[in-house]
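The structure appears below as structure tokens.
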Amino acid sequence: MNHEHEHLLRTEAPQVLGALVRRFGRFDIAEDAVQEALLTASQVWPAEGVPENPRSWLIRVGYRRMVDLIRSDQARHRREQQAGVAELAMQGPERRAHPARETDDSLTLLLLCCHPALDPTSQVALTLRAVGGLTTAEIAHAHGTTAPTMGARISRAKRQLARAGARFTPPTDADRDSRMAAVMRVLYLIFNEGYTATAGNRLARVDLTREAIRLTRMLHATLGDDAEVTGLLALMLLTESRRAARTDGGDLVPLDEQDRARWDHDLIDEGTALIDGVWNRSQPGPYQLQAAIAAVHSAASSPGQTDWAQIAMLYLWLERLTPTAPVQLSRVVAVAHAHGPARGMALLDDLNQRHHLDRHPLTRQREHAVRAHLLQMTGNTTRAAALYRQAADLTANQVEQRYLLSKAGDLI
């Protein structure tokens, strides 16, 4: 299946799922039916061509599969009544030609998949499958697990939604803000896992970053006035713009050594315009601040022209909003570049004393690498080399491992 077909299927997946859920009121069964409709399309369309109305085609196939799934359910008699209604509706010419309603269900589905009853990993997996249209095998590969294991997690997540009484309904004003925060966090997690894979022999998972950007563009199209949604999209575009320059022959290239001619300047222009458009609208949130930091990096034509003082200030602002270990460690790096390695080391020691970044699961590995870099800058190469090796032992990403070990080897 070519990329054009794949993109079309993933674009239509939430709309097809929405049509089935509205008709039957069974998210769990409808989601399985959509997956099978997408699989059928991936097998049929390359040979027979894309139908004139692909959404209606997918809905028709999904309806038929829903009938089969409902008939096999334990409450056979009641489900068969629903199936009979669906079969009659499908016999009408208007059903074959067009979906029941031309409604964009993307936001409603995102909110459902990011329901607070689910843990973050389940939210990510269900979002990728129900809204993104990825197969269970693709999601399992991204998480470094097996398809049966991931399939069981997704099935369990759908049962949890049912037990929690989750409904396929548009958000109300009362709960939209809190639910939207969960949606943005899930999209951010998908992007980050794609940008630097937790494990494996590749630094990045382009399929995940591409999917995160596609879903965030979809969200932005629905909620274009939301400054934080705009900031999240800007952050992803500005970060993704550097992807081609991050590796060379399979080896990691740090930011200050990247060939900036390889950065995607179309993405930089788009991301910068997005963050500039919302920056002065109101008090910026965490995604807007991170996008602003990325924009400052992107504006520098060379490492020496980077405005590190502004970046350090933005990280301080971000830390006050979200005092997480990764943000605190990033401020250490910015302070060291802006004011010298001694200031950076003093801040790192203070943060370790108060927040234990060197033991925090999200920063332990990177803390070792940052401290090694600061020690290298101050001339303590022996200790720096040892910390680079320790940092390499703490990551399962083989590209990062090779880079850190090479840094250690250069100091011996």
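Computed over heavy atoms, backbone and side chain alike; hydrogens, waters and symmetry mates excluded.
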[Y] and [X], any side-chain heavy atoms less than 4.5 Å apart:
X      : Y      : result
Tyr403 : Asp251 : no
Arg185 : Tyr287 : yes
Glu228 : Leu223 : no
Leu112 : Val21  : no
Leu8   : Trp45  : yes
Leu274 : His220 : yes
Val186 : Phe191 : no
Ile139 : Ile154 : yes

Can you measure from [atom1] ([X]) to [atom2] ([Y]) and round to the nearest 0.5 angstrom?
X      : Y      : atom1 : atom2 : result
Leu219 : Leu233 : CG    : CG    : 9.0 Å
Thr381 : Tyr388 : OG1   : OH    : 11.0 Å
Arg371 : Leu348 : CZ    : CG    : 4.0 Å
Arg129 : Glu31  : CZ    : CD    : 4.0 Å
Leu110 : Leu126 : CG    : CG    : 10.5 Å
Arg214 : Met218 : CZ    : CE    : 6.0 Å

Look only at the side chain of [X] and the backbone of [Y], and say whether a donor-acceptor pair between them is shorter than 3.5 Å.
X      : Y      : answer
Arg10  : Glu211 : no
Arg179 : Leu111 : yes
Gln123 : His115 : yes
Gln258 : Val253 : yes
Arg281 : Asp225 : yes
Thr306 : Trp308 : no
Gln35  : Thr136 : no
Thr363 : Leu357 : yes
Ser42  : Leu39  : yes
Asp28  : Lys158 : no

For atom [atom1] of [X], decide whether the heavy atoms of other residues, nucleotides or ligands shown that lie under 6.0 angstrom number more than 12.
X      : atom1 : value
Asp259 : CG    : yes
Gln305 : CD    : yes
Arg364 : CZ    : no
Arg167 : CZ    : no
Asp307 : CG    : yes

For [X] and [Y], work out which heavy atoms get closest and say how close.
X      : Y      : result
Gln328 : Pro323 : NE2-O, 3.7 Å
Gln288 : Trp279 : O-CZ3, 3.7 Å
Leu69  : Asp32  : CD1-CB, 4.2 Å
Leu238 : Thr272 : CD2-OG1, 3.7 Å
Cys114 : Ala182 : O-CB, 3.7 Å
Ala13  : Val131 : CB-O, 4.4 Å

Step by step, would you call Thr324 with Leu362 a side-chain contact (heavy atoms from CB on, under 4.5 Å)? CA-CA 9 Å; Thr324 64; Leu362 293 178; over 6 Å; no
Would you call the rings of His337 and His373 parallel, tilted or perpendicular, where under 30° means parallel and over 60° means perpendicular?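 It falls in the tilted class, 30° to 60°.
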side-chain contact (heavy atoms from CB on, under 4.5 Å), that's the test. Do Tyr188 and Leu235 meet it? Break it down for me. CA-CA 9 Å; Tyr188 183 66; Leu235 171 62; 3.7 Å; yes
Decide yes or no on side-chain hydrogen bond (donor to acceptor under 3.5 Å, both in side chains) for Arg153 and Ser122, but give the supporting numbers first. CA-CA 7 Å; Arg153 175 178 283 277; Ser122 296; 3.1 Å; yes
Under the criterion side-chain contact (heavy atoms from CB on, under 4.5 Å), I'd like the reasoning laid out for Thr239 against Met236: C-alpha separation, chi angles, the key distance, then a yes or no. CA-CA 5 Å; Thr239 306; Met236 289 184 183; 5.9 Å; no
Under the criterion salt bridge (charged side-chain N to carboxylate O under 4.0 Å, His left out), I'd like the reasoning laid out for Glu270 against Arg217: C-alpha separation, chi angles, the key distance, then a yes or no. CA-CA 12 Å; Glu270 183 182 0; Arg217 283 191 187 278; 2.6 Å; yes
Stepwise, does the side-chain contact (heavy atoms from CB on, under 4.5 Å) test hold for Trp57 with Val44? CA-CA 11 Å; Trp57 190 98; Val44 172; 4.2 Å; yes
